[in-house]
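Everything numeric in this text was worked out from a predicted model, so none of it was measured. Convention: sequence-line order gives letters A, B, ...; per-chain numbering from 1.
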Amino acid sequence: MSEAERTRGLGVSEYETVEAIKGPLLFVRGVSGVAFDEIVEVELQNGEKRRGRVLDVGNEVAVVQVFEGTTGITTVGTKVRFLGQTLELPVSEDMLGRIFNGLGDPIDGGPPIVAEEKRDINGEPLNPSARTYPEDFIQTGVSAIDGMNTLVRGQKLPLFSGSGLPHNVLAAQIARQATVRGEQEEFAVVFAAIGIKHDEALFFKKFFEETGAISKVAMFLNLANEPAMIRLVTPRVALTLAEYLAYERDMHVLAIITDMTNYAEALREISAAREEVPGRQGYPGYMYSDLATIYERAGRAHGKKGSITQMPILTMPNDDITHPIPDLTGYITEGQIVLDRSLYNRGIYPPINVLMSLSRLMKEGIGEGKTRADHANVSDQLYSAYSRAQELRSLATIIGEESLSAVDKKYLRFAEAFERRFLSQGVNENRSIEETLDIAWEVLSILPERELTNIKPEFIKKYYKARG
Amino acid sequence: MGVVGKIVRISGPLVIADGMTGAQMYEMVEVGEDRLIGEINRIEGDRAYIQVYESTTGVKPGEPVYGTGYPLSVELGPGLLTQIYDGIQRPLELIKSKTGSIFVKRGVKVDPLPREKKWHFKPVDGLRKGDKLEPGALLGTVQETPLIEHRVLLPPNVKGKLVELASEGDYTIEDTIAVVEEEGEKKEVKLYHRWPARIPRPFRDKLEPTEPLLTGLRIIDTLFPMAKGGTGAIPGGFGTGKTVTLHGLAQWSAARVVIYIGCGERGNEMTEVLERFPKYKDPWTGRPLMERTILIANTSNMPVAAREASIYVGITMAEYYRDQGYDVLLVADSTSRWAEALREIAGRLEEMPAEEGYPSYLASRLAEFYERAGRVVAQGTPERIGSVTVAGAVSPPGGDFTEPVTSHTKRFIRVFWALDTALAYSRHYPAINWIISYSAYAETVKEWWHKNVSPEWYDLRTEAMNILLREDEVKEIVRLVGTEGLSEPDKLVLLTARLLKDGFLKQNAFDPIDAFSEPVKQFKLLQAMIYFHRNAMKLVQAGKLNVAQIQDGLADEFSELVRARFTVPNDQVEKIDELRERILNKLSQLGGE
């Protein structure tokens, strides 16, 4: 029996026994027959209705988290209705092209959604033995990603950014350019905005409209001025639709979720209100497991044509990658694309710090038949040469560039060309993987042949063209 | 049967029930109308606190709790190998076929071992009715997979006179294959038995780990070796390659049985093992790797309480094959997630937290777990020596090795493979930092290398370590004053260290030739580099050559040497000898000798 079946059809029960209100929590006394995680409707004295869910239930007291906040709620005269079901989203293919609030209600003035099915927003863990290992190369047209941190279909690859960095522009560029070569398949974009500013949401909306993709996009918006508790629901609502489209409607779904930092902060708020023992920096000890129930909802499964590729965006507080939010995210996701303020300040777009970035699923998505036989070697060599060049750069600031050996100076020239020629590209520039690799060889050829120790001799013979 | 109680409170994975008088600590219980599986971890009067291994969404106060009367146990018998289980030994394949869903549904009841499958049992020669048998006595064998002969033993808590032994034939695990009698009581023995996961299986004697557990990874086998029956931890921030290294161990190590616990990690990583291991060949036997592997998967989005159990379920299986006389490798990825599960449960129980919210018994739980590793003489006849080697990943928050799980783990392990973010950023894999890593087994496995590879091994290894340590100091100087002021010998140290790093320590897990390096190849590569260093040092110190001349004169040979790790296959190591001689000859020519 599924959770939905279990609780459906149970009677609605109503209480007016709010005993205490603390932060976003209501304590309701004298309840019976209330289920853990059940959904709740709270009716204020003035008739306003809010929604919430049961976080803890005992024989006497139920603890209810109110999504829209507890402002204005009183202990007398407030009706709390337990609805006898868990939070479910009515899903349908018609949701593409529509705009919803953070709880999944349409806010674009369009007709109501006729549900093809209702799904629990918490989802269920994908059975590891039902997963298919992701290995289809997605060409994003961005060299730093395709060449060195390749994205594959079904991967969860976050953008680690900082406030003010162009993560939205990059995410939009990827959403526009991403293709699996040689395929014409149904795709869709599910976009979840969590606590972002109105103009950011507008940027994405305009972008989807301009590119004509809007009919393939479902947007779930929880903006900065809306209640924080809804942020815990928004990504789950969006991914519930994504799962339906991928596994029941055979679509390849790209889920963009921004900004996960706001999500984690809402989680900390609710944990503090419940007086739980805090982990690092006040974030709850279970934040890892909680984030995993979002990020792990990506992938591909046996017998299903569709897939979910996830691209969450988060802004690192103070650009600190060891902060609990990026740290725990990095432990769950399959790599990360890190944006770098110093590259950005030097006018390089996209300002991707390749050394700190990583795609864990790259190895299966590249090589002969997928990209090109020399891809893995080239990527390794770019990494090792660029990291050596970075060491030499800091050395040069101490002892002066003149004191470096001739070979070391070539490394500095390589690094400069790497950043200006390979990394840097236009917002609308869509490079094929061959172009990307050719540019890579062009910048690698600045180095003497014998420095390319990560590359097999046959590839050097084929692609290396020595330059003075 | 067990007691029946009533739920009074639900808070996430914690359920509290009344009317539980008579329930045991750590008893398995079934919770609510869906009969979700849980385990009692605190008793107060008639009230029991239960950690539930499945999602408690929709459970209500007033629903029943059923005691089972036995603790969390593992079914041990033929059919374990090649399986993928969840944290409480439910086969995930069966869950999939039974529910017809790609998701893991709640409350699914499936048998850990196949009940219908028939195994061909061969009784052991020379056993006669009336023989007195001790626990662990060998009764017969079953070919579990082409790679592993399953030795059917008398369970640890059974002994007595043999009354009956089945003849050769095909049996299911429920068939009785032997009857023993002790003090007038007859006991039936089947192909399987159950064992409580939290209790270590008994053995006769513990031995010193002296044999290396070869892995084909150069930095491990040569610099920081693991021994059969040893314990090791592999800590590292995200992206440093913990999982790739552990997959490498599971794939290439010379263990006979591998148990891989994916504890709170990514679903796709388990899928990767599931898809790859049936195709990949064990380098030591040429058979598909899956035939020696058991997977336990509690991915990060699966219920947290089962994460805590998965570690015990895995190590109990490891001990079971150890008792049969096999060398078993247990890989736990990651023990930090297990510790976090402990923390979450402790927090829900409102226990007093120690460091960073972890319960005060974190250290003792870690100690108990790692202590279940070891090389032992098993119980029973004939004498069998088996081992359990434990390699546990640690995921320190922010890559900070002073955090509680890493610092406590260090107290109980003998090998420390510290992964380094800076190395990973420059794609130096495996990113094991040679300055802070250590192995207490380097001394104990020396004999094996000297007997089987070369008596020079230990000296060359020490010299390599010294060069790398010296390089680290010299680099400090370079950071302050640049390379100009360095002495020629120190410049040579930098040069050789770069050869060692690029040509020996770096290893590409995805290159067919480089991924697995046999001991002889490892030794020859090391030998070529150290011989070069010795000879060059003599010339440099005598003032006959400077390092710049060496670097220019031997540039092509150096790139050849650095590439040898992926251009010279294991069966053509004489090419490294030839290259070494060329380097040494050219060096003496340059030096005018």
Side-chain angles (χ1 to χ4, degrees), chain A residues 1-3 6-7 32-37 56-59 86 122 124-134 247 276-280 285-286 288-289 292-293 296 299 301-302 304 322 324 327 330-332 334-336 355-356 358 361 363 376 380 383-384 387 395 398-399 403 450 453, chain B residues 8-11 34 56-62 84 92-93 95-96 102-106 238-239 264 266-268 270-272 274-275 297 299-302 304 337 340 343-344 347 353 356-357 395 397-400 425-427 478-482 484 502 508 510 555-556 559 562-563 566:
Chain A
M1 201 162 43
S2 81
E3 280 144 45
R6 250 179 68 79
T7 46
S32 74
V34 168
F36 177 69
D37 224 8
D56 192 324
V57 57
N59 265 347
T86 51
N122 292 311
E124 284 166 317
L126 207 57
N127 188 330
S129 68
R131 279 182 184 270
T132 322
Y133 197 68
Y247 304 135
E276 290 170 335
V277 181
R280 285 215 162 188
Y286 51 78
Y288 175 84
S289 304
T293 60
E296 276 288 326
H302 287 302
K304 305 282 180 187
T322 66
D327 189 52
Y331 274 121
I332 303 164
E334 284 142 355
Q336 67 278 339
L355 295 184
M356 296 174 88
L358 170 73
L361 302 184
K363 57 187 189 292
D380 285 351
Y383 270 112
S384 89
S387 87
L395 186 61
I398 305 166
I399 61 169
S403 327
R450 62 186 182 224
T453 52
Chain B
V8 294
R9 189 179 158 199
I10 304 121
S11 173
D34 280 350
T56 52
T57 295
V59 176
K60 294 195 287 289
I84 175 165
L92 285 168
E93 278 291 340
I95 292 184
K96 186 175 72 174
I102 56 172
F103 298 104
V104 180
K105 302 275 177 192
R106 296 193 311 174
F238 65 84
R266 302 174 184 87
N268 275 333
M270 301 313 291
T271 309
E272 184 182 2
L274 266 181
E275 288 188 5
T299 56
S300 56
N301 55 340
M302 284 158 87
V304 71
R337 305 302 164 217
E340 284 166 8
R343 173 168 71 181
E344 185 170 343
E356 293 196 16
S395 319
D400 169 15
Y425 283 169
S426 60
R427 297 306 190 267
V478 172
R479 264 190 277 275
L480 293 173
V481 298
E484 283 300 294
D502 290 346
N508 186 343
F510 309 111
D556 292 330
S559 18
V562 166
R563 287 193 186 114
F566 55 81

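Annotation: maximal heavy-atom pairing with chain B below 4.5 Å, among A/T322, A/L355, A/D37, occurs at A/L355. Interface remark: of the candidates A/S403, A/G335, A/S289, A/S289 forms the most heavy-atom pairs closer than 4.5 Å to chain B. For the set B/G264, B/A555, B/P397, the entry with the most heavy-atom pairs within less than 4.5 Å of chain A is B/P397. Heavy-atom pairs under 4.5 Å with chain A were tallied for B/E344, B/R427, B/M302; the largest tally goes to B/R427. Listed options A/V277, A/T293, A/V34, A/L395 were ranked by heavy-atom pairs under 4.5 angstrom with chain B; first place goes to A/V34. Note on A/P125, A/G279, A/S32, A/G285: by heavy-atom pairs under 4.5 Å with chain B, the leading option is A/P125. The candidate from B/G239, B/G399, B/A297, B/G62 with the greatest count of non-hydrogen atom pairs under 4.5 Å with chain A is B/G239. Considering only heavy-atom pairs separated by less than 4.5 Å from chain B, the leading option among A/I399, A/L358, A/D327 is A/D327. Counting heavy-atom pairs closer than 4.5 Å to chain A, the top residue among B/F510, B/F566, B/Y425 is B/Y425. Per-residue counts of heavy-atom pairs under 4.5 Å with chain B were compared for A/G299, A/S387, A/P128; the largest is that of A/P128.
For A/R131, the salt bridge (charged side-chain N to carboxylate O under 4.0 Å, His left out) partners two or more places apart in sequence, or in a different chain, are A/E296. Every residue two or more places apart in sequence or in another chain was checked for a ring pair (Phe, Tyr, Trp, His ring centres under 6.0 Å) with A/F36, and none qualifies.
A/T453 approaches B/V562 most closely through the heavy-atom pair CB-CG1, 3.6 Å. Shortest non-hydrogen contact noted between A/A130 and B/K96 is CB-CD, 3.6 Å.
Only the side chain of A/R280 comes within less than 4.5 Å of a heavy atom of chain B; its backbone N, CA, C and O stay farther away. Only the side chain of A/Y288 comes within contact range of chain B, judged by heavy atoms closer than 4.5 Å. In this structure, the portion of B/E275 lying under 4.5 Å from any heavy atom of chain A is its side chain and not its backbone. Interface residue B/T299: only side-chain heavy atoms are found under 4.5 Å from chain A. Contacts of A/T132 with chain B are made by both backbone and side-chain atoms, with heavy-atom separations under 4.5 Å. In this structure, the portions of B/V8 lying under 4.5 Å from any heavy atom of chain A include both its backbone and its side chain. Both the backbone and the side chain of B/I10 come within contact range of chain A, with heavy atoms under 4.5 Å apart. Of the atoms belonging to B/P353, it is side-chain heavy atoms, and not backbone ones, that fall under 4.5 Å from chain A. In this structure, chain A has heavy atoms under 4.5 Å from both the backbone and the side chain of B/E272. Contact of A/E334 with chain B is made through backbone and side chain together, with heavy-atom distances under 4.5 Å.
Of the possible donor and acceptor atoms, none in the side chain of B/N268 sits under 3.5 Å from a partner among the backbone N and O of A/P134. In this structure, A/D56 contributes its side chain and B/S11 its backbone to no donor-acceptor pair below 3.5 Å. With hydrogens and angles ignored, the 3.5 Å screen pairs a side-chain donor or acceptor of B/R266 with a backbone N or O of A/I332.
In this structure, CZ in B/F103 is found 10.0 Å from CG in A/N127, a value given to the nearest 0.5 Å.
You'll find the side chain of B/I102 stays beyond 4.5 Å of the side chain of A/H302, heavy atoms only.
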